[in-house]
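What follows is a set of notes on a single structure, which appears directly below.
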Amino acid sequence: MVCGRASLVRASRRSYPSFSRTIRCAPMASLLAMALQDHTAVSEHAANQPSTPDDTQAPTAESLRELEVARRAKLDRLRELGVEPFGQRIDGLATLADARAAFSEPVHLAHEEAAKAAKEGGAPAPADSRPRATVAGRVVQHRDLGKLVFVWLRDSTGDLQVSISKAGVDATTFEIAKALDYGDVVAASGHVGRTNRGEVCVWADGLTMQSKSLEPPPSKWHGLTDPEIRYRRRYVDMFATPQTIKTFQARSRIVSAIRRFMESRGFLEVETPMMHPIAGGAAARPFLTHHNTLDMQLFMRVAPELYLKRLLVGGMPKVFEINRNFRNEGVDRSHNPEFTSMEVYEAFGDYGTMMELTESLLHELAVQAGAEQWGGGATAGGPTLAFGDLSINWGKPFVRVRFEDLFLRALGFPMRDEARVRASAKAAHIDGADKKDHWLLVEALFEEKAEPLIDPARPTFVMDYPSAVSPLTRPSRAQPEIAERWDLFVAGMEIGPAYTELNDPDIQLAKFTEQLSGADDEIDTFRSLDEDFLTALRVGMPPAGGLGLGIDRIVMLLTNSSTIRDVILFPLLRRQ
RNA sequence: GAUCGCGUAGCUCAGCUGGUAGAGCAAGCGGCUUUUAACCGCUAGGUCCUGGGUUCGAGCCCCAGCGCGAUCACCA
């Protein structure tokens, strides 16, 4: 079933849930790009030279310059004050969440009362008993009330207000505070208290510029809504859209939890080549690259399968690999040209052991998502998680349905009824309905009529595909026309397949050869027989179960992300 | 690759039947010691994605291109 992984990136087109958060288009990417390209020119002009009628620039660049000039003027002013606007190491920083957690209402009240009593009694102000914190973050709000300035900082743990009063800091520090811009990175120290309105804040007695931001920021309230800028300039998206960092924190924790789960089951994580002399393991179109010194054409891997199976031959009984695959194919909400998958092989297992493993793993992940351990968009409440307008119930056991049974339910006649299959295919206007092989029509009808019956809100294993459409999978011993293969569907997406692996080298060779002869011209140009893999099989591979899971799609499901681009830090975009 | 939609100020968005380009926030100046999308006054900011065309006149209509999005195709 060497080629089975190809289907890993296939999504059913029917039951994809809709998401309420629609993102509208707005432009400005080009202006932002100009801002970047114009950077040097701007700094030279802005710093010293009055603009002359001669320095004609596109009006957009002029207007952009205004915003940047204002920021550079502040930069210069900081240096005049003897302040270095690009800071240095700070020890003992608290996260904004930790600083917020340090707040204590009783301590704060006691301090206020003591201060008030001292003032009324004419005594000197008592020592401030509230906890101290030093924090740092990016400025996301700035309110200047004259002799009092409120600033909201943001870091990866959240937002926190810093309050600076003219009476509480020296003159230079207060000038810095008044001149802060949205986007600046600052550090502040002080006692953690709250304002009259109940907002927890650091009452700063120190405030330093750590990085003066020179770029015009996105809207402080609306943030970035243009998906193009969100993906192209992810570093802006990450502070403008707090959910972005939460989603990627969740992704990291999910992948980490998958590793822990696999290790707890005794699997060994391995790393196999991502540059392959022979494109194998899936039938997808590969990317080509080249090694100069060896003058060798290489393929970016489309699947690690053939290497992982060599490890079974070599004597590693339980292995997994979490890493990238590269497929030179279309791009949509559930496909990115490079994507992360986990492949698993277990000697002396089969597709049944892979089913139990997958079900336990995903259930465990969903339970933890329900407990909000991912910190992402997941909803509380256990193994039922929101995904768009769906509530996906991850409770065990997942639905299991045999291909043959679902076919019968959907079409009303058995898949072996050749006459009715052909008639039905013609009625459904399936391509080549009068010429194609019976089993190809069965497969087409299944996709057309049966897959839509799968409940998108319940993870569903479709198992026991016809051998004729699973040429590289091991047939069932009891029923050779049935292949020991399943595909897991959730929310209309295919999450991954599993197989009872073929380990008879002669059958494997025959199937490879058959498949190569059937390949079309385009595919044929990158395909060749992996002789060494066949040699490995002749050395002897134990019977095994094999599994592939699309990690990006699992993260989408667990973080309620409508597109794969929201769970990939830097998704591929067309060159501007 | 195909079809449809979108592209207007730094950001978020209005813009009538084709008739001189608008708001909020951001920015600059001034005011304000407890703000919560702070508020008040003033100022500045535009190649309406690009290139053609129609028209007396185009942000708006037509054609082509670019980018993004959606749907489809590809993904044995």
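Computed from heavy atoms alone, side chains included, the values below leave out hydrogens, waters and symmetry copies. Keep in mind it's a predicted model, so treat the numbers as computed, not measured. Below, chains carry the letters A, B, ... as their sequence lines are ordered, and counting in each starts from 1.
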When rounded to whole Å, the CG to P distance for the pair A:L224 and B:C68 reads 16 Å
Between B:G52 and B:A70 - P atom distance, rounded Å
32 Å
Of the nucleotides B:U34, B:C74, B:G69, which has the atom closest to the A:W203 side chain?
B:U34
Non-neighbouring partners of A:D155 that pass salt bridge (charged side-chain N to carboxylate O under 4.0 Å, His left out), sequence neighbours left out:
none
With both distances kept under 3.5 Å, what pairs with B:U54, Watson-Crick or G-U wobble?
none
Is there a donor N/O on one and an acceptor N/O on the other, under 3.5 Å, for the side chain of A:T195 and the base of B:U36?
yes
Write down the distance separating the C1' atoms in B:G69 and B:C25, rounded off to the nearest Å.
26 Å
Could you work out the separation of B:G22 and B:C48 based on their C1' atoms and round it to a whole Å?
12 Å
Under 3.5 Å, which protein N or O atoms sit close to an N or O of nucleotides 24-28 of chain B? Give each pair with its distance.
| from | atom 1 | to | atom 2 | distance (Å) |
| --- | --- | --- | --- | --- |
| B:A26 | OP1 | A:K220 | NZ | 2.9 |
| B:G28 | OP1 | A:K74 | NZ | 2.9 |

Send over the distance from A:E68 CD to B:C11 P, rounded to a whole Å.
14 Å
Note: A:E199-A:R194 ion pair, threshold 4.0 Å (strictly below)
no
Using a heavy-atom cut-off of under 4.0 Å over every strand shown, decide if A:Q161 touches base, sugar-phosphate, or nothing.
base
Start with the C-alpha gap between A:V202 and A:F103, add the side-chain angles, then the distance that decides, and say whether side-chain contact (heavy atoms from CB on, under 4.5 Å) holds.
CA-CA 9 Å; A:V202 173; A:F103 172 74; over 6 Å; no
Please lay out, stage by stage, how A:Y499 and A:R474 fare under the test side-chain contact (heavy atoms from CB on, under 4.5 Å).
CA-CA 8 Å; A:Y499 306 83; A:R474 182 154 175 161; over 6 Å; no
Rounded to whole angstrom, note down the C1' distance from B:G19 over to B:A58.
10 Å
How long is the line joining OH of A:Y231 and P of B:G69, in whole Å?
7 Å
Span that lies between the P atom of B:A9 and that of B:C49, in whole angstrom
8 Å
Describe, in one word, how the ring planes of A:Y465 and A:F403 are oriented to each other, choosing from parallel (under 30°), tilted (30 to 60°) and perpendicular (over 60°).
tilted
Same-atom distance (C1') from B:A23 to B:A37, integer angstrom:
15 Å
On a whole-Å scale, what distance lies between the C1' atoms belonging to B:C6 and B:U12?
15 Å
Watson-Crick/G-U partner (both atom distances under 3.5 Å) of B:G41
B:C29
Identify whether the distance between the nearest side-chain nitrogen and carboxylate oxygen of A:D205 and A:R132 falls below 4.0 Å.
yes
Should A:Q161 and A:V151 be marked as a side-chain contact (heavy atoms from CB on, under 4.5 Å) after you check the CA-CA gap, both sets of side-chain angles, and the distance that decides it?
CA-CA 6 Å; A:Q161 184 171 281; A:V151 173; over 6 Å; no
By the Watson-Crick or G-U definition, both distances under 3.5 Å, B:G24 is matched with B:C11
Write down the distance separating the P atoms in B:G24 and B:C68, rounded off to the nearest Å.
33 Å
Select one nucleotide: of B:U12, B:G69, B:U36, the one nearest the side-chain heavy atoms of A:L573.
B:G69
I need the CD-P distance between A:E199 and B:U33, as an integer number of Å.
21 Å
For the pair made of CD in A:E447 and C1' in B:C75, what is the distance, rounded to whole Å?
11 Å
Using a strict threshold of under 4.0 Å (side-chain N to carboxylate O), is an ion pair present between A:K116 and A:E112?
no
note: A:R100, atom CZ; B:U36, atom P; distance rounded to Å ~ 17 Å
Students often get this wrong, so: under 4.0 angstrom with heavy atoms, is A:D144 touching a base, only sugar-phosphate, or nothing?
base
Is there a Watson-Crick or G-U wobble partner for B:G69 with both distances under 3.5 Å, and if so, which one is it?
B:C4
Between A:V469 and A:L148, the residue closer to the 5' end of RNA chain B by nearest nucleotide is A:L148
Where the side chain of A:K147 is defined as all heavy atoms beyond and including C-beta, which of B:C68, B:C32, B:G69 is the nearest nucleotide?
B:C32
Rounding to a whole Å, what distance do you find between A:I564:CD1 and B:C75:C1'?
13 Å
Roughly how many Å is it from CZ in A:F326 to C1' in B:C75, rounded to a whole number?
17 Å
Please report the interatomic distance CE(A:M342) to CG(A:N323), rounded to the nearest 0.5 Å.
12.5 Å
At 4.0 Å (heavy atoms only), tell me whether A:A167 reaches a base, stays on the sugar-phosphate, or touches nothing.
base
Sorted by first residue and then second, give each salt bridge (charged side-chain N to carboxylate O under 4.0 Å, His left out) pair with at least one member in residues 158-185 of chain A; sequence neighbours left out.
A:K74-A:D181, A:R77-A:E175, A:D144-A:K178, A:R154-A:D159, A:D181-A:K212, A:D184-A:K212
Of A:G198 and A:G223, whose nearest nucleotide on RNA chain B comes first from the 5' end?
A:G223
Please determine whether a side-chain nitrogen or oxygen atom of A:R285 lies at a distance below 4.0 Å from atom OP1 or OP2 of B:C75.
no
According to a strict under-4.0 Å criterion, is A:T225 in side-chain N/O contact with OP1 or OP2 of B:C13?
yes
